[in-house]
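See below for the structure under consideration.
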Amino acid sequence: MRLGKVLEEKRMQIVREALSGVKIAVLGRKYELHPETIRNWVREYGDKVGPDQLPSTDEQIQELKRLQEIEEKYNLALKKLGEKELENEILHELLKKKNPAYLKNSK
């Protein structure tokens, strides 16, 4: 399949979501696009989308729930990553010191 065809199908999907009531700003964040780009696509491709092609409310709700779950997992992973980086930094600092746990006169 040609790249142009794939891009047009993706555009049509985004236009369908916009016409079904999802806010343009939300779609922009979801697809990492500028909202004005999506508005232009809606103007350009809006006539080509029939009412039977619009996603149902249930599908939209399921997609939003899925995205929220993914965002929660992502935030948790970022938090854990930050904690691990801090642990590594502390361990590196301890390794730089020469025998920090030993007393000088213990021999």
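The hydrophobic clustering, which links ILVMFWY residues whose side-chain heavy atoms are closer than 4.5 Å, places L19 and Y31 together. Criterion: ILVMFWY side-chain heavy atoms under 4.5 Å apart, direct or through other members. Under it, V42 and V26 are part of a common hydrophobic cluster.
Classification of E83 and K80 as a salt-bridged pair fails, no side-chain N sitting under 4.0 Å from a carboxylate O. Taking a cutoff of 4.0 Å between a charged side-chain nitrogen and a carboxylate oxygen, E87 and K84 qualify as a salt bridge.
Of the listed residues (T37, L33, V22), just one forms a side-chain contact (heavy atoms from CB on, under 4.5 Å) with L27, and that residue is V22.
H92 NE2 to L94 CG: the interatomic distance, rounded to the nearest 0.5 Å, is 11.0 Å. Remark: W41 CH2 to I24 CD1 distance equals 11.0 Å, nearest 0.5 Å. For the atom pair CG (L81) and CG (L86), the distance works out to 11.5 Å, reported to the nearest 0.5 Å.
Applying the 6.0 Å contact sphere to NZ of K30 captures more than 12 heavy atoms from other residues, nucleotides or ligands. In E36, the CD atom is crowded: over 12 heavy atoms of neighbouring residues, nucleotides or ligands sit closer than 6.0 Å.
Looking only at side-chain heavy atoms (C-beta outward), K10 and Q13 come within less than 4.5 Å of each other.
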